[in-house]
Amino acid sequence: MNRITVSAPGKLMLLGEHAVVYGHPCLVTAVGQRMYVSISNVKSQISNVKKIRIDAPGEKIFGYEKPMEDIGKGEISKGVRFIEIAVRNFREKYPFDVGLTITTRSEFSSQFGFGSSSAAMVCTIKALAELFSIKLSKKQIFDLAYKTVLDIQGKGSGFDVAAAVYGGTLYFVTGWKKIQPLVVGHLPLVVGYSGVKADTVTLINQVAEKAKKYPDIVENIYKQIARIVDIAKIALVKKDWTMLGELMNINQGYLEALGVSTGKLSAMIYACRSEGAYGAKLSGAGGGDCIIALSPKENITKVKKAIKKVGGQVIDIEVNAEGVRME
Ligand code: MEV
């Protein structure tokens, strides 16, 4: 029996969410909290039926089993969907004939919106490639993982997959157009969790409804967000925090206009701004999950306190984490 363990980072959207789904750029950073996936091959199984077994304690899934021939078919438990479909897609491309046991361990809650499913899926593909001695480039891992996202949810830019594969901080354009690593050092970011789990696909659909009703208005919002991202990219690389903070605030205004902010998110954002943050915005799909605030060092303690005062939870993160790797 061979056992391979791989890890990949979670992600935080910095600027550009929603517009990125429609071909505009975004900025994303990989966070220090990682997802770990261990895979072993099981050559001889007593019944001779080759099976997949998945244990994902973070999703409260223990002993999920299926015959290999049935993966991707029938009922698929939500907490393992990305792993199961990733295995199916890998096996279709690189056939193998053994059973597998897969175990995940996460350093962050799947509630935060840090992209635990994408990170687990990327780890699964990398671990399978290692297990079967198939050399896959980062681009090939990205392609297979992004195909898996589209197979499952039909929508999504793949920015979270790019962060898990490449790590660092990226300027990303969907449709295989651009994954550009940026040279960025420490980012003085504070993250606040709203306590509400958001469903990305639901929020993408809500915005799509708005776009159907007001096509030119929403298209213009996307264009403005794209412009913000392009200027923010320069501010980020130059470490012009004042400008980056202002751009985050403007981006938040457009996200409010798209209807994806919530009272809780806005309360955290305003609390951070009034305690001296350069800027603050929601991060990700909206509807819940997290906000990010960029803050001068001397105000970080006050900003964190402000998040807690309005009922948010502060999550300490490191940015620019390494992409998928063998453990
Ligand atoms: C969700 O974290 C960010 C969205 O832009 C969706 C996506 O890019 O896949 C709303």
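Just so you know, ligand 1 is whichever comes first in the structure, and atom 1 is the first atom listed for that ligand. Predicted model only: the values in this text are computed from it and were never measured.
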For each nitrogen or oxygen atom of ligand 1, which protein N/O atoms lie closer than 3.5 Å, and how far apart are they, rounded to 0.1 Å?
| residue | atom | partner | partner atom | Å |
| --- | --- | --- | --- | --- |
| ligand 1 | 5 (O) | H18 | N | 2.9 |
| ligand 1 | 8 (O) | S157 | OG | 2.6 |
| ligand 1 | 9 (O) | S157 | N | 2.8 |
| ligand 1 | 9 (O) | S157 | OG | 3.4 |

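- Remark: side-chain polar atoms of T101 are not paired, donor with acceptor, to backbone N or O of R53 under 3.5 angstrom.
- Counting only heavy atoms from C-beta outward, the side chains of V161 and T148 never approach each other to under 4.5 Å.
- With sequence neighbours left out, E75 forms a side-chain contact (heavy atoms from CB on, under 4.5 Å) with no residue at all.
- Legend: residues meeting ring-ring contact (aromatic ring centres under 6.0 Å, His included) with F108, ordered by chain and number and at least two apart, are F114.
- In terms of modelled atom types and a separation under 3.5 Å, the side chain of E59 and the main chain of A56 share no donor-acceptor contact.
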With a cut-off of 3.5 Å and sequence neighbours excluded, list every side-chain donor-acceptor pair involving residues 320-327.
| residue | atom | partner | partner atom | Å |
| --- | --- | --- | --- | --- |
| N320 | OD1 | T169 | N | 3.4 |
| N320 | OD1 | T169 | OG1 | 2.6 |
| N320 | ND2 | V184 | O | 2.7 |
| N320 | ND2 | G185 | O | 2.8 |
| E322 | OE1 | R325 | NH1 | 3.0 |
| R325 | NE | E327 | OE2 | 2.8 |
| R325 | NH2 | E327 | OE2 | 3.4 |
| E327 | OE2 | S7 | OG | 2.6 |

